[in-house]
Amino acid sequence: MLELTHGRIGYGPITIVEDLSISVGEGEAVFLIGPNGAGKSTTLRGIVGLNPLTRGTLTWDGRDVTRLPAHQRARLGIAAVPEGRHVFPQLTVVENLEVAARVASHAGVKERIDDAFDLFPRLAQRRGHLAGLLSGGEQQMLAIGRALVQRPRLLIIDELSLGLAPVIYQQVGDTVRELAGSGLSVLLVEQNARLAMRICSRGYLLSNGAIVLEGTVAELEATAEMRDLYLGGLGKVG
Ligand SMILES: Nc1ncnc2c1ncn2[C@@H]1O[C@H](COP(=O)(O)OP(=O)(O)O)[C@@H](O)[C@H]1O
Ligand SMILES: [Mg+2]
């Protein structure tokens, strides 16, 4: 269980998000959606430890991790897929996974990589290809694979859908939903509200550095804000 309470996060003297409280339960898939510039990635940086919380607390399994450095939070099972994927373009698919797996531990590297290949068979087919030459969807699978080989208990994905065709991000999204169903906690940071609501059961709408709405998918779908701003009057999420 991750719990951010009254968090303030920014860059040096600049505050971007203020008084932010969100939680992700065990095996739960939760979204953080909002327009470009709302502060979603900044929030993610506060959770993984890249930007300090200048106010508020972050607990993970009841333990206060507010002041822990990023690598220690990673060791405790918090993994993030950064916006823009950031795979190593000059390394092959399997090399990318090996590097990420070894960061966590030198034991069981092959098993963890095989699990990633089971989850994304497309990556197995491309195992010897340079990551820089993969399609956007394959790079997103690889970026998620790099997080998963660390055997996290919380997976945070920043902009899963960015730059991908709907058929591709829906496919990757369905895999993420299955992961959550199998016990992994997921925090989906997304601009694409429809995708977020397809994958997750509840979530938060961030605007200008503050949570303006929160609730289950059904509750949020019923609000005028979501209909007007994010669903474009398209009705139920399918
Ligand atoms: N390194 C930085 N230094 C100062 N401000 C930043 C930095 N990175 C992002 N910002 C600002 O923080 C705000 C929120 O950005 P971000 O968290 O990336 O939003 P989102 O992910 O929701 O699009 C933006 O106004 C952005 O300009
Ligand atoms: Mg962002």
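Numbering of ligands and ligand atoms starts at 1, following listing order.
Rounding to the nearest 0.5 Å places CZ of Phe31 at 10.5 Å from CG of Leu195. Note that CD1 of Ile22 and OG1 of Thr43 are 6.5 Å apart. Values are rounded to the nearest 0.5 Å. With values rounded to the nearest 0.5 angstrom, Arg198 atom CZ is found 12.0 Å from Glu190 atom CD. Here CD1 of Ile9 is found 11.5 Å from OG of Ser41. Values are rounded to the nearest 0.5 Å.
Across Gly10, Gly209, Gly39, Gly46, heavy-atom proximity to atom 19 (O) of ligand 1 is greatest for Gly39.
For the pair Asp115 and Arg112, the salt-bridge criterion is not met [side-chain N within less than 4.0 Å of a carboxylate O]. Under a 4.0 Å N-O distance rule, the pair Arg202/Glu219 does not qualify as a salt bridge.
Looking at atom 14 (C) of ligand 1, its nearest protein heavy atom turns out to be Gly37 O, 3.4 Å. Of the protein's heavy atoms, Ser41 CB, 3.7 Å lies nearest to atom 18 (O) of ligand 1. The protein non-hydrogen atom at the shortest distance from atom 15 (O) of ligand 1 is Thr42 OG1, 3.8 Å. Remark: minimum distance from atom 5 (N) of ligand 1 to any protein heavy atom is reached at Tyr11 CD1, 3.5 Å. Closest protein heavy atom to atom 11 (C) of ligand 1: Ile16 CD1, 3.8 Å.
Scanning both residues, Leu32 and Lys40, for their nearest heavy atoms gives O-CD, 3.7 Å.
Residue-environment remark: NE2 (His86) exceeds the threshold of 12 foreign heavy atoms within 6.0 Å. Within 6.0 Å of atom CD in Glu26, 12 or fewer heavy atoms from other residues, nucleotides or ligands are found, so the atom counts as exposed in its surroundings. By the neighbour-count criterion of 12 heavy atoms within 6.0 Å, atom CG of Asp19 is densely surrounded, having more than that number from other residues, nucleotides or ligands.
Residue Lys40 has at least one nitrogen or oxygen atom sitting less than 3.5 Å from a nitrogen or oxygen atom of ligand 1, judged on distance alone. For the pair Asn36 and ligand 1, the shortest N or O to N or O distance falls below 3.5 Å.
For Pro35, the heavy-atom gap to ligand 1 drops under 4.0 angstrom.
At a distance under 4.0 Å, a protein heavy atom can be found next to atom 21 (O) of ligand 1.
Legend: protein N/O/S atoms lying under 2.8 Å from the Mg ion (ligand 2), waters omitted, number 2.
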side-chain hydrogen bond (donor to acceptor under 3.5 Å, both in side chains) between Gln125 and Arg122, intermediate numbers included: CA-CA 5 Å; Gln125 290 166 14; Arg122 186 81 189 150; 3.1 Å; yes

